[in-house]
Amino acid sequence: MPPVSAGLLAYRRRGASVEVLLVHPGGPIWARRDDRAWSIPKGELGPDEPPLAAARREFTEELGVPAPSGPLLELGEIRQPGGKRVWVWAADAPHLSGVSDRPLHEVASNRFEMEWPPRSGRVQSFPEVDRAEWFGLEVARAKLHAGQVGFVDRLVAALDRRAGEGLDQAAGPE
């Protein structure tokens, strides 16, 4: 059975524009990659863990800040080219900026260990996420892994539907 991941795509409005929060993977393999290297904060589900609970947990683990509270937009599931299934929800997060005096780009991510350099026998610890940034939608489409771009398109469609239905543009309190 292919793995299942879940994530939370934070967004905010800047005038008529929308920005989304993406994370860049840490570690030496991703250090020099930028376009198509960024991701929605997400991760694999734990045993018997509901996808939304995993999405909130992964957001907090990868960014070091609590997941946005308030209403969510379900963006559904996309099957990645390798077979992994990814579920994503979107959260309006206009006030998400960091914790105390730490800017958001200085994330406090969980860590992983790997042998580095390869075949050296030396195990090093790296942050799972080395930075997070807000991007406009077009830039986000270029930065995201190709298999996740569809979630940006789904967010735009959901926000357009809300506006067309005359729903309040704010998704609720932070």
Side-chain angles (χ1 to χ4, degrees), residues 2-25 38-80 84-110 128-129 131-174:
V4 179
S5 287
L8 194 60
L9 179 60
Y11 69 92
R12 66 182 183 185
R13 291 180 181 79
R14 291 288 182 246
S17 299
V18 174
E19 295 177 333
V20 294
L21 181 67
L22 304 180
V23 296
H24 186 271
W38 293 72
S39 178
I40 294 167
K42 65 172 185 48
E44 291 189 16
L45 280 61
D48 300 318
E49 184 178 30
L52 181 54
R56 290 185 178 283
R57 175 184 52 75
E58 286 290 336
F59 188 93
T60 301
E61 286 179 2
E62 291 190 354
L63 291 154
V65 298
S69 59
L72 300 174
L73 296 171
E74 184 175 338
L75 302 181
E77 173 191 13
I78 291 179
R79 187 174 300 273
Q80 304 293 288
K84 178 187 273 190
R85 296 171 35 218
V86 180
W87 287 90
V88 171
W89 287 262
D92 190 3
H95 305 296
L96 185 66
S97 60
V99 176
S100 58
D101 296 330
R102 181 175 49 81
L104 189 56
H105 66 273
E106 296 176 3
V107 296
S109 174
N110 54 342
E128 186 174 341
V129 167
R131 63 190 182 274
E133 293 183 31
W134 292 99
F135 294 105
L137 299 176
E138 288 309 310
V139 174
R141 286 181 177 101
K143 299 281 185 194
L144 270 170
H145 289 287
Q148 295 178 31
V149 171
F151 289 119
V152 172
D153 298 333
R154 290 179 182 188
L155 171 64
V156 170
L159 294 175
D160 286 349
R161 276 193 306 277
R162 288 177 63 108
E165 295 168 359
L167 297 175
D168 181 7
Q169 296 228 0
E174 189 58 21

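Smallest separation of non-hydrogen atoms from K42 and S5: CD-CB, 4.5 Å. Contact between A55 and W89 at its shortest, heavy atoms only, is CB-CE3, 4.1 Å. Taking every heavy atom of both residues into account, F151 and V86 meet most closely at CZ-O, 3.3 Å.
Using a 4.0 Å cut-off between charged side-chain N and carboxylate O, R162 and E165 make no salt bridge. Using a cut-off of 4.0 Å between Lys/Arg side-chain N and Asp/Glu carboxylate O, E61 and R57 are scored as salt-bridged.
Residues that satisfy the salt bridge (Lys or Arg N to Asp or Glu O under 4.0 Å) test with K143, not counting sequence neighbours, are D34, D35. By the side-chain contact (heavy atoms from CB on, under 4.5 Å) test, A140 pairs with V20, L22, F135, sequence neighbours left out. Among residues two or more places apart in sequence or in another chain, the salt bridge (Lys or Arg N to Asp or Glu O under 4.0 Å) test is passed with R12 by E19.
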Begin from the C-alpha positions of E74 and W87 and carry the test side chain to side chain contact (heavy atoms under 4.5 Å, CB included) through to its verdict. CA-CA 8 Å; E74 184 175 338; W87 287 90; 3.6 Å; yes
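Here the side chains of L144 and V152 are in contact, with some heavy-atom distance below 4.5 Å. A 4.5 Å side-chain heavy-atom check between Y11 and L155 finds at least one atom pair inside the cut-off. Using a 4.5 Å cut-off on side-chain heavy atoms (C-beta onward), F59 and R56 make no contact. Between R85 and P3 there is no side-chain heavy-atom pair separated by less than 4.5 Å.
Atom CD of E133 sits about 4.0 Å away from atom CH2 of W38, to the nearest 0.5 Å. Here D153 contributes atom CG and L137 contributes atom CG; the two are 9.0 Å apart, rounded to the nearest 0.5 Å. To the nearest 0.5 Å, the span separating CG on L63 from CD on E128 amounts to 10.0 Å. Rounding to the nearest 0.5 Å gives a distance of 10.0 Å between CG of L52 and CG of L45.
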